[in-house]
Amino acid sequence: MNIMTEKALESAVSDKMSGTPNEIIKMRGNKVGVFYGEKQALFDVDLDVRENQVTALIGPSGCGKSTFLRCLNRMNDTIDSARVTGKITLDNEDIYDKNIDVVELRARVGMVFQKPNPFPKSIYENVAYGPRIHGLAKKKSDMDHVVETSLKKAGLFNEVKDRLLEPGTGLSGGQQQRLCIARAIAVSPEVILMDEPCSALDPIATARVEELIDELRQNYTIVIVTHSMQQAARVSQRTAMFHLGYLVEEGATDKMFTNPDDKRTQDYITGRFG
Amino acid sequence: MSLMLVFALVFVIGAVAFFIGRQRAAAHDNGKVKPHSRAHYHGWWAFLLATLPALLLLAIWSIGSSVYLNSHINGQLPAQTAESAIASRTLAASLTKSLANGLRKLEPEAANNLPATFTELQPMLAARGVALAPDTQDYMIPIAVDANRTQDTMQLIGGVLVLALAVAGAVFGLSKIKVRARARNNVERLILWGLLGASTIAILTTVGIVLSMLFQSINFFERVPFFSFFFGTVWDPRFAAAGAGESAGQFGLIPLLAGTLYIALVAMLVAVPVGLMSAVYMAEYASPKVRAVVKPALELLAGIPTIVYGIFALVTLGPFLRDLSAALAGGTSFIQAQSILTAGLVMGVMLIPVVSSLSDDIITAVPRAMRDGSLGLGATRSETIRKVILPAALPGIVGAILLTASRAIGETMIVVLAAGVAANLTLNPFEAMTTITVKIVNQLTGDLEFNSPQTLVAFALGITLFFLTLIMNIFALYIVRKYREQYE
């Protein structure tokens with residue numbers, strides 16, 4: 001992990017002090033624990049996700065940050081041995097409640113994965129996939145509109161507008177990741193979860209995606225897992241530090257990066273471990 | 001010296017060379033210079049040098065001496081054999097050889113004073129359990145005795161030469177042992193050649209099979225026109241007595257090809273949907289516990305010999321369908337006991353595990369990221385399967401289906417028992433039809449003159465079938481390979 005200089009940190013933090021902080025709690029985790037079989041991977045995590053803010057989850061590998069992220073739209077349900085305890089709410093509704101339909105939940109809480117994973121379909125069909133299964137667009141023209149706006153929001157439209165019918169797998173890595181973001185946006189989610197969305201991308205594509213995350217904050221609540229301190233400092237308003245399955249501390253990003261309460265956070269962000 | 005003894009001795013020499021070589025190499029390692037190869041590699045190299053050239057010589061000598069023996073016997077046979085009951089020199093030579101083999105079974109003292117006539121000799125041989133053709137002539141006895149003597153001499157010379165070569169190889173190998181000698185590389189190279197040889201055998205056998213069928217097929221097409229075989233619509237080979245000239249018969253491929261494809265189609269209509277759905281269940285829904293039971297159970301179906309399926313079709317399913325149709329139609333059954341439907345259904349059941357096992361592998365190979373991507377967008381499991389996984393796996397599944405189809409086309413025992421032998425040309429699945437494989441079996445079993453079109457047609461059918469399945473397999477492999485490139 002790179003060691004950040006004080007100066008780089010400060011400038012990164014001050015960049016996003018301009019936005020007015022919005023303090024509505026969109027999602028709330030209460031004593032969240034996760035077991036994979038016998039092994040407990042996450043212990044009693046209490047974490048709030050604020051609306052229209054980017055919350056970054058940081059911490060060394062295996063600290064449980066991705067596990068926590070996957071709880072937020074119940075992607076852990078797809079792993080047979082996984083078991084979740086505690087309570088997670090979305091707009092004060094328990095998402096693990098029996099009455100909550102997981103399909104609806106995932107339409108509201110979308111997800112972008114570590115490795116770009118476009119379907120082996122055309123660019124158009126990749127974006128139209130979500131709206132189609134949820135029946136969001138009745139007519140062809142409506143669907144065209146949804147696809148176009150989603151691609152525009154993901155900042156990809158201009159690059160692909162002439163080849164919408166070509167396979168999505170033919171795009172470059174960074175374009176593929178933005179296609180996956182467009183695909184997630186197309187179902188109009190309220191929250192977008194991003195699991196190390198830039199780890200497979202080069203620095204230029206990363207910068208492009210980070211810019212996009214900052215723009216998306218206007219309309220969506222974003223939770224991002226990242227291994228890059230700089231990235232967390234650049235894109236997030238709130239940062240949560242995980243270590244060995246526990247939440248070490250959580251707070252405003254500028255405070256976390258300049259004056260953390262916990263020594264482990266300080267050590268981690270200055271590159272002394274992790 | 002018998003072949004087995006020489007063989008065993010060569011290996012004994014090899015083993016001795018191995019142990020001495022290993023010991024010597026170990027003794028060379030004085031700790032100053034790092035040896036290039038570990039001691040046992042030197043041992044193996046000495047072993048290989050002792051055995052391989054010797055065995056090669058043994059093989060060449062054995063073949064050479066039998067060739068020499070043949071020409072030796074032939075040279076001694078009287079020039080004129082036509083006056084006897086024996087038709088040709090070849091037959092005379094082979095009678096002499098079996099006589100010579102028979103003489104070896106006699107007691108030593110009986111062998112030393114042989115009677116001069118075959119009539120006296122025959123009961124002696126019969127008492128030792130040797131039955132000889134009555135055509136055997138008196139003049140063959142001295143030739144046979146001489147042949148045996150020559151053979152013994154040849155074997156002795158050969159054995160001594162082979163053993164000498166083995167010892168020489170061992171000594172040479174042992175003399176080469178030095179600290180920095182590259183025994184490991186030598187052994188590895190020989191292993192490579194061994195492996196290459198093994199893979200070549202399979203390819204050469206295939207080529208041999210094709211060539212043998214090809215020559216007999218050419219033989220067939222000299223008697224029956226190409227066009228009337230491939231485009232003839234009547235199959236009526238007319239089993240006539242050997243030598244009767246007018247009984248050419250009609251060898252139309254079309255009814256057999258139609259039957260083959262029709263039955264395969266019915267089988268695929270059963271196997272593909274069921275197999276595919278069970279593959280989807282096992283790959284996507286089954287819990288590990290269920291999968292651990294169901295998958296082996298399903299694959300057990302693939303292990304049942306096809307003749308057993310055939311019996312099931314013949315004695316159980318066929319009569320059942322006939323009786324069922326009789327009950328439905330009120331008296332007269334419209335499904336024959338041997339029918340396309342019966343054969344197709346049973347063959348379809350046989351093919352289910354093939355489809356499901358291949359498709360299961362292909363579906364499992366679709367990356368988890370695809371599933372996550374779709375589920376993360378709020379798609380249900382079945383939507384994910386229908387809209388993402390199956391389309392992604394489709395080329396592979398098509399390949400699997402083609403491979404299965406070529407099995408269906410080549411399947412023999414089920415159709416022999418369940419589809420019947422009548423070469424009809426019909427579209428009614430309740431009637432009997434027959435396939436190429438059934439007719440190959442029919443034409444080759446029974447007392448037919450080999451050199452007649454009735455028999456030779458089997459080879460033409462065989463090569464047609466071979467190319468039919470070959471083309472399907474190549475096409476299937478092409479599709480599967482193209483699909484693989486997508487994820488790697």
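All chains are named by letter (A, B, ...) in the order of the sequence lines, taking the proteins before the strands, and each is independently numbered beginning at 1.
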Contact class of Arg371(B) relative to chain A, heavy atoms under 4.5 angstrom: neither
Can you tell which part of Ser287(B) gets under 4.5 Å to a heavy atom of chain A, answering side chain, backbone, both or neither? neither
Which is it for Phe119(A) and Ile389(B) under the side-chain contact (heavy atoms from CB on, under 4.5 Å) test, yes or no, and what are the steps along the way? CA-CA 9 Å; Phe119(A) 302 132; Ile389(B) 293 172; over 6 Å; no
Any idea which of Pro391(B), Ala379(B), Gly373(B) has the most non-hydrogen atom pairs under 4.5 angstrom with chain A? Gly373(B)
Holding to salt bridge (charged side-chain N to carboxylate O under 4.0 Å, His left out), I want the full list of residues that pass it with Lys140(A), two or more places apart in sequence or in another chain. Asp144(A)
Could you list the donor-acceptor pairs under 3.5 angstrom formed between side-chain atoms of residues 81-88 of chain A and any protein atom two or more places apart in sequence or on another chain?
| unit_1 | atom_1 | unit_2 | atom_2 | d |
| --- | --- | --- | --- | --- |
| Thr85(A) | OG1 | Gly33(A) | N | 3.4 |
| Thr85(A) | OG1 | Gly33(A) | O | 3.3 |

I'd like to know whether [atom1] of [X] has more than 12 heavy-atom contacts from other residues, nucleotides or ligands below 6.0 angstrom.
X	atom1	value
Arg28(A)	CZ	no
Tyr285(B)	OH	yes
Arg163(A)	CZ	yes
Phe35(A)	CZ	yes
Arg407(B)	CZ	no
Asp97(A)	CG	yes

When rounded to the nearest 0.5 angstrom, what distance separates CG in Asp77(A) from CG in Leu375(B)? 10.0 Å
Lys121(A) side-chain N/O to Lys387(B) backbone N/O, donor-acceptor pair under 3.5 Å: yes
Chain B heavy atoms under 4.5 Å from Tyr129(A): which part of the residue, side chain, backbone, both or neither? side chain
Side chain, backbone, both or neither: which part of Pro118(A) has a heavy atom under 4.5 Å from chain B? backbone
Is there any residue in residues 98-117 of chain A with a non-hydrogen atom under 4.5 Å from a non-hydrogen atom of chain B, and which ones are they? Val103(A), Arg106(A), Ala107(A), Val109(A), Gly110(A), Met111(A), Phe113(A), Asn117(A)
Where is the tightest heavy-atom contact between Arg70(A) and Asp372(B), given as atom of each residue plus distance? NH1-OD2, 4.1 Å
Write down the atom of Leu377(B), the atom of Ala184(A), and the distance for their closest heavy-atom approach. CD2-CA, 3.7 Å
By side-chain contact (heavy atoms from CB on, under 4.5 Å), Val270(B) pairs with (sequence neighbours left out) Leu345(B)
When you check the side-chain N and O atoms of Thr78(A) and Arg381(B), is any donor under 3.5 Å from an acceptor? no
